[in-house]
Amino acid sequence: MTAAGPAHEPLLRVDGLRKVYPSAQRPVVAIDGLSFDVAAGEFVCVVGPSGGGKSTLLKVVSGLLPPTDGRVLLDGASVTGPVPGLAVVFQEYGRSLYAWKTVRDNVALPLLARRVPRAERHRRAQEALAAVGLADAGRAYPWQLSGGMQQRVAIARAIVGEPRVLLMDEPFAAVDAQTRADLEDLVRAIWRRLGITVLFITHDIDESVYLGGRVLVLSRAPATIRADLTVDLPAERDQLGTRADARFAALRAEVFRLIAAEGTVRT
Amino acid sequence: MTVAVPHSAGTRAARVPARPGGTGARADRLRGALGALGLALAFETVPRTGLVPAEHLPPLSTVLAALAGRAGDAALWRTVGTTLGGWALGLLLAVVAAVVAGLVIGSVGVLRTATASTIDFLRPIPSVVFIPLVVLLFGADLGATLFLVGYACFWLVLIQVLYGVRDVDPVARDAARSAGLGPVAQVRHLVWPTVLPYAVTGLRLAASVALVLTVTAGLVIGSPGLGREIWLAQAGADIPGMYALILVTGILGIGVNALVRLAERRLLHWHVSVRREVTPR
Amino acid sequence: MTRPVRVTRPARLVRMPRPPRWAVRPLAALGLPALLVTVWWLASAGSTNPFYPPLRTVLDAFGRVWLSERFVLDVVPSLRRFALGLLLAVVLGVAAGLLIGSSRVLRTLLEPALAFFRALPSPVLVPVLLVVVGVGDAMKVAVIAFGCLWPVLLNTVDGVRGTDEVQLDTARVAGLSRLATFRHLVLPAASPQIAAGLRQALGIGLILMVISEMVVSTDGLGHAVVRFQRSFALPEMWSGMIFLGILGFLLAKALEVVERRVLAWHHGLRRATGARP
């Protein structure tokens with residue numbers, strides 16, 4: 001279920017990506033010559049030091065921000081703006097949901113743009129909500145839900161349009177530990193059930209190893225790929241067993257070492 | 001990028017350190033100057049091209065000439081002074097009365113409950129309703145201006161002060177009480193500092209309303225001030241003069257706004273930075 | 001199948017904004033007004049001062065004047081002008097505010113003009129529009145519309161500028177067109193601010209309605225009270241003032257009720273976030 005054969009074109013290709021924020025005083029290079037491939041069905045985590053251009057990477061990959069140089073290819077086609085095949089879950093769930101729309105209408109938002117008939121929109125939104133365990137919450141407003149539930153709504157909205165790739169930008173950074181564990185398992189469950197491809201950005205080393213089939217370690221800004229590790233843990237994972245596994249500990253130590261090295265190498 | 005949905009290109013740029021006073025701000029200032037220039041140019045050319053008859057809207061140069069003519073006359077400055085005086089006095093009376101009433105009503109639970117409906121009823125009544133009565137009582141006098149300004153501003157400030165009293169932190173109140181602070185000391189050290197930002201908000205709202213009613217009193221009742229002069233100019237078919245006075249009124253309005261902002265910053269220097277940065281959503 | 005996902009229910013049911021406290025406590029609400037009216041009644045009962053006629057006489061006049069054809073002759077024209085002016089201001093103000101708010105170039109270009117009209121006391125428009133438009137109904141509607149335009153416009157601009165960037169990104173990722181983004185994001189996000197502008201506009205509009213009718217008119221509420229005052233029909237004048245007062249109160253309440261319904265989400269959101277530390 002991990003990487004596709006070498007003969008296949010990768011689903012998502014990031015090629016020589018560079019992003020510079022122009023500024024009168026001193027241009028800021030956020031990403032510098034970043035390349036990686038993601039095969040269909042992979043779960044790839046990107047982990048790196050805070051303020052290291054992770055969010056910039058996600059914005060460029062999702063087409064929200066044009067790259068200064070390099071390109072992003074989805075199924076061989078260049079991504080120059082938001083495309084239906086790429087869905088995003090933002091970190092700030094409280095801000096990404098629309099307070100004036102019910103949970104169901106929030107989830108149905110991507111279908112609105114595709115002129116899906118109303119009844120069909122409701123049906124699919126309801127399905128997506130059921131998939132994240134919120135089948136009963138459709139008529140509520142987002143602000144009536146807890147933070148964890150709001151992030152589930154955001155996940156439901158991301159999967160409702162059946163995207164090829166799910167991009168997640170530190171989605172669980174703002175919720176408490178128990179909720180976070182639940183949401184991590186939810187994302188893995190959805191990934192396995194839908195056979196979707198996930199690119200998951202996080203600053204949490206444990207999370208990256210627990211979730212991913214592969215971990216990309218980013219360098220300090222300007223971000224480049226520092227290491228590309230395969231997580232050879234069994235596909236069946238659970239919060240207690242997996243985290244107690246010796247292999248998990250070794251991988252976590254490896255990622256930690258790489259990131260810590262980043263901290264001391266360039267200061 | 002012309003007319004578009006507010007762009008999010010700047011989203012991440014906010015994280016990037018540099019930018020204040022950068023190219024963006026300079027371009028904004030330039031466009032502001034350009035806009036002002038364009039406005040003046042339109043004011044000058046539209047009447048000249050006959051798009052609007054010049055007797056309805058004379059070109060800017062004619063209006064400015066009329067203004068220059070009056071500027072040499074002490075009468076104009078007396079009028080401006082009278083207007084400002086009526087504005088300031090009416091506002092002051094309203095603010096003092098409203099702050100006192102607000103602190104008393106807000107601090108006494110029974111009063112708060114008993115007056116709520118009455119305040120709710122009297123507040124939205126436009127003070128111009130009282131013009132006929134005011135004419136009978138005061139004639140075309142400063143008293144008329146003060147009544148109209150005072151009535152309208154009183155409620156604006158009172159409501160804000162009541163909000164402020166309600167916002168006093170109950171924990172802080174308990175702390176003050178257990179520290180042995182008496183009622184007066186509580187008002188001085190706890191209630192008033194909490195209320196002040198609200199009162200200042202009320203003042204800001206009331207300041208522009210006060211100017212509106214000062215001008216109204218002149219226009220409708222004929223009490224002395226810019227409003228009356230504008231009306232007289234119109235009645236005397238001195239159209240450039242009327243526009244000149246309106247220009248003065250507008251500039252006065254801008255000045256009044258600036259003055260209140262300054263007062264706000266002075267009064268709330270300890271508070272404003274915290275309060276302003278968190279833009280209300 | 002995968003592990004069962006924990007199903008959680010919404011923490012709270014949909015709560016609508018509460019009515020004001022005094023509405024649920026009629027005694028507290030009616031006590032003071034009843035007292036004030038009684039005092040007025042008793043104090044004015046034997047009044048021979050023509051300026052302060054007995055409340056009884058005023059109420060007689062109220063019935064005679066406002067529950068007659070006066071209603072059609074004076075109240076209806078006033079309300080028509082007010083409604084028309086306000087409607088024009090809202091349509092133009094919101095449309096222009098959406099455009100200006102979404103374009104930085106346009107906004108900075110128009111900044112000086114907006115600052116001037118924001119600061120200009122709108123009653124000066126009465127003599128101006130008297131010159132430009134003339135004495136008729138159009139003048140009064142134009143005065144009301146012009147005066148109400150600025151609070152609506154400026155608040156809309158502020159509201160649009162406050163649109164959340166993450167929400168904008170969400171709309172882009174969802175593939176919403178520009179028009180759909182306006183309809184589903186920018187306009188609703190700005191609506192609490194627009195409502196605040198509308199509240200200001202209501203107050204200004206009422207002032208402008210009354211004074212434009214006081215200054216030049218042959219009908220309308222403002223004209224009626226001034227006519228009564230000039231002909232020294234003081235009970236009628238008082239009744240007109242009371243009528244205008246009630247009208248002001250009712251219009252403000254009506255707007256409040258509409259806002260409470262339309263912006264129920266906003267009030268709920270504020271309570272929800274306010275409750276959280």
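To find a chain, count down the sequence lines: A is the first, B the second, and so on, and within it residues start at 1.
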For [X] against [Y], the heavy-atom pair lying closest together:
X: Val135(B); Y: Gln229(C); answer: CG1-NE2, 3.5 Å
X: Gln234(B); Y: Leu130(C); answer: NE2-CD2, 3.7 Å
X: Leu109(C); Y: Arg31(B); answer: CD2-O, 3.5 Å
X: Ile254(B); Y: Ala115(C); answer: CG1-O, 4.1 Å
X: Gly32(B); Y: Pro112(C); answer: O-CG, 3.1 Å

Where on [X] is there a heavy atom nearer than 4.5 Å to chain C: the side chain, the backbone, both, or neither?
X: Val52(B); answer: neither
X: Ser208(B); answer: neither
X: Thr115(B); answer: both
X: Leu247(B); answer: both

For this session: May I ask you to decide whether Asp28(B) forms a salt bridge with Arg107(C), counting only side-chain N to carboxylate O separations under 4.0 Å?
Result: no
For this session: Can you measure from OG1 (Thr108(C)) to CG (Leu30(B)) and round to the nearest 0.5 angstrom?
Result: 9.0 Å
Exercise. Is atom CZ of Arg118(C) surrounded by more than 12 heavy atoms (other residues, nucleotides or ligands) closer than 6.0 Å?
Worked result: no
Exercise. Above 12 or not: heavy atoms from other molecules or residues under 6.0 Å from CZ of Phe43(B)?
Worked result: yes
Side chains of [X] and [Y], heavy atoms from C-beta outward: is any pair under 4.5 Å?
X: Lys253(C); Y: Asp120(B); value: yes
X: Ser117(B); Y: Leu32(C); value: no
X: Val225(C); Y: Ile131(B); value: no
X: Ile246(C); Y: Phe121(B); value: yes

Part of [X] lying under 4.5 Å from any heavy atom of chain B:
X: Leu234(C); answer: side chain
X: Met241(C); answer: both
X: Ile207(C); answer: both

Considering only heavy atoms and a distance below 4.5 Å, find which of [options] pairs most often with chain B.
options: Phe51(C), Phe117(C), Phe116(C); result: Phe116(C)
options: Ala189(C), Ala252(C), Pro127(C), Ala113(C); result: Pro127(C)
options: Leu36(C), Leu202(C), Leu247(C), Val128(C); result: Val128(C)

Exercise. When Val220(B) is tested against each of Val210(C), Val215(C), Val126(C) for side chain to side chain contact (heavy atoms under 4.5 Å, CB included), which residue passes?
Worked result: Val215(C)
Most chain C-contacting option - heavy-atom pairs closer than 4.5 Å, from [options]:
options: Leu245(B), Val215(B), Val212(B), Ile251(B); answer: Val212(B)
options: Gly35(B), Ala152(B), Pro132(B), Gly255(B); answer: Pro132(B)
options: Pro124(B), Ser127(B), Gly253(B); answer: Pro124(B)
options: Ile125(B), Val129(B), Leu205(B); answer: Val129(B)
options: Leu136(B), Leu122(B), Asn257(B); answer: Leu136(B)
options: Leu39(B), Leu219(B), Leu34(B); answer: Leu219(B)

For this session: Take Leu57(B) and Val132(C) through the test side chain to side chain contact (heavy atoms under 4.5 Å, CB included) and record every step on the way to the result.
Result: CA-CA 8 Å; Leu57(B) 179 73; Val132(C) 178; 5.7 Å; no
